[in-house]
Novice: 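Can you keep this structure in mind? I'll have questions shortly.
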Amino acid sequence: MKILGIETSCDETAAAVVENGTKVLTNVVASSVSLHQKTGGIIPEVAAREQLKFILPVIEKALGKKKIDALAVTVGPGLIGSLLVGVETAKTLAYVWKKPLIPVNHLQAHLYANWLEGKKPLFPAIGLVISGGHTDLVLLKNHGKIKWLGGTRDDAAGECFDKTARVLGLPYPGGPAIAKLAIKGNPQTYDLPRPMMNQENLDFSFSGLKTAVINLIKKEKRMKKADMAAGIQLAIAAVVAEKTLRAAEKHRVKSVLLAGGVAANQALRQQIATQMGKNFNLFVPSPLLCTDNAAYIASRAFFNYQPVAWQKIAADPGLSIETDVDAS
Ligand code: KG4
Ligand code: ZN
């Protein structure tokens, strides 16, 4: 079965065709990041207007001459204007082409990047979704059976990268910029906090780290930017690795799945792999499958194949990772 996935929840406009949930035939992503760099972050209205320009060419490019069996689209969470571009386009195409349409939860779908390459995960699994807007630890008992275990109480990990990068005068998005600079830095120079690391729960808090960085920058006359970048990266990686390992041990899972844009961070991947050791099967998607794309949307739809009449599908910006949008 070939599914056309459509993803427009944030600033990317993406379409992909995936066969049987695992084989990526095409994966097209148009980014408007250069526009957002001018403003140091995303202005939702600007993102949505760009997506309106990109959506049909991106779908045409992903489709080529391929015949598809169904469509899948991200319905949330995300920016409402951006989501609407994808959702309304998908509904229109499903109606015109008379094809089934599967609404998809973007956060759950991120985890399906782990079904798109090589070995496939086994259940039960721990999933860590670390993106620009979310930091969630979940237990996956099976396809479509997701239980939330913990998450951030304030800023998401990606938000912390983006906001501290901004204070350091680095371009948007902050994560890749900090990672690049950190290569030359010493992570031990600055004493940065590891919020909530030693608490038993599986929650996170990153706003304190952001504040610590801002205060240090104000105090230090000769800030060593690379050292600060390396320190921020290590602080985030250490907390995330510790809590993920704790979740895996507690639930005695067979696999641990990383997902989301921040999972593209090499230092964080390394830290988690080292801490997990050989005790767990760790799945880490290629960096290009970590950041927003439509291949994992199509994969999520295949493994949870529950089409919904297009008339009943609506964008929902506030969806949580546990919400089943196709359960109706
Ligand atoms: O999953 P994603 O592409 O979009 C959302 O759904 O939010 O994640 C975007 C986030 C941004 O905060 C960006 O700074 C971060 O992922 N990111 C990274 C890296 N690449 C992207 N953070 C750290 N290191 C990276 N290499
Ligand atoms: Zn995302």
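Start at 1 and go down the list; that is how both ligands and their atoms are numbered.
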Novice: Provide the atom name of the closest N, O or S atom of D292 relative to the Zn ion (ligand 2).
Specialist: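 Nearest N/O/S atom: OD1.
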
Novice: Whether K210 and D155 form a salt bridge (side-chain N of Lys/Arg under 4.0 Å from carboxylate O of Asp/Glu) is what I want to check.
Specialist: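 Counted as a salt bridge, because a side-chain N and a carboxylate O are separated by less than 4.0 Å.
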
Novice: Starting from atom 3 (O) of ligand 1, locate the nearest protein heavy atom and write down its residue, its atom name and how far away it is, to 0.1 Å.
Specialist: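 Looking at atom 3 (O) of ligand 1, the protein heavy atom closest to it is D292 N, 3.1 Å.
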
Novice: Which pair of heavy atoms, one from E12 and one from S31, lies closest together, and at what distance?
Specialist: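 Looks like OE2-OG, 4.1 Å.
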
Novice: Counting distance only, does the side-chain N/O of K120 pair as donor-acceptor with the main-chain N or O of G118 below 3.5 Å?
Specialist: yes

Novice: Is the distance between the ring centroids of Y305 and H143 under 6.0 Å?
Specialist: no

Novice: Taking distance alone, with N or O pairs closer than 3.5 Å, would you say G175 contacts ligand 1?
Specialist: yes

Novice: Give the atom name of whichever N/O/S atom in H110 sits closest to the Zn ion (ligand 2).
Specialist: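 The H110 atom nearest to the Zn ion (ligand 2), restricting to N, O or S, is NE2.
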
Novice: Note the single closest protein heavy atom to atom 10 (C) of ligand 1, along with its residue, its atom name and the distance in Å.
Specialist: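 Checking every protein heavy atom, the shortest distance to atom 10 (C) of ligand 1 gives G132 N, 3.5 Å.
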
Novice: Among T74, D162, I42, which one has a heavy atom closest to atom 11 (C) of ligand 1?
Specialist: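 Comparing heavy atoms across T74, D162, I42, the nearest one to atom 11 (C) of ligand 1 lies in D162.
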
Novice: Which residue is it: P103, P77, S9? I am looking for the one with a side chain to side chain contact (heavy atoms under 4.5 Å, CB included) to L319.
Specialist: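 Checked P103, P77, S9 against L319; only one passes side chain to side chain contact (heavy atoms under 4.5 Å, CB included): P77.
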
Novice: Any N/O/S of H106 under 2.8 Å from the Zn ion (ligand 2)?
Specialist: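 Yes, H106 qualifies, because one of its backbone or side-chain N, O or S atoms lies under 2.8 Å.
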
Novice: Any donor-acceptor pair under 3.5 Å linking the side chain of Q37 with the backbone of Y172?
Specialist: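 Flag set: sc Q37 to bb Y172 pair under 3.5 Å.
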
Novice: For G133, counting its heavy atoms only, list the atoms of ligand 1 lying under 4.0 Å from any of them.
Specialist: 7 (O)

Novice: Should the pair W115 and Y112 be assigned to parallel (<30°), tilted (30 to 60°) or perpendicular (>60°) ring geometry?
Specialist: parallel

Novice: List ligand 1 atoms under 4.0 Å from P173, heavy atoms only on the residue side.
Specialist: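 Within the 4.0 Å cut-off of P173, ligand 1 contributes 14 (O).
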
Novice: Give the numbers and elements of all ligand 1 atoms closer than 4.0 Å to a heavy atom of G158.
Specialist: 12 (O)

Novice: Could you identify the single nearest non-hydrogen protein atom to atom 24 (N) of ligand 1 and state the distance to 0.1 Å?
Specialist: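 Of the protein heavy atoms, N265 ND2, 3.0 Å lies nearest.
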
Novice: In terms of atom number and element, which parts of ligand 1 are under 4.0 angstrom from non-hydrogen atoms of T291?
Specialist: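 Counting atoms of ligand 1 from 1, those under 4.0 Å from T291 are 3 (O).
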
Novice: List ligand 1 atoms under 4.0 Å from H106, heavy atoms only on the residue side.
Specialist: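 Atoms satisfying the 4.0 Å criterion: 6 (O).
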
Novice: Using distance alone, decide if ligand 1 has a nitrogen or oxygen within less than 3.5 Å of any nitrogen or oxygen in H110.
Specialist: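 Indeed, backbone or side chain, H110 has an N or O that close.
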
Novice: From the options G261, S131, C10, select the one whose nearest heavy atom is closest to atom 19 (C) of ligand 1.
Specialist: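 Looking at heavy atoms only, the winner is G261.
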
Novice: With a 4.0 Å cut-off, would you call R153 and D203 a salt bridge?
Specialist: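 Answer for the salt bridge query: yes.
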
Novice: Are the charged groups of E88 and K91 less than 4.0 angstrom apart, N to O?
Specialist: yes

Novice: Quick one: OG1 on T164 to CD on E159, what's the gap to the nearest 0.5 Å?
Specialist: 10.5 Å

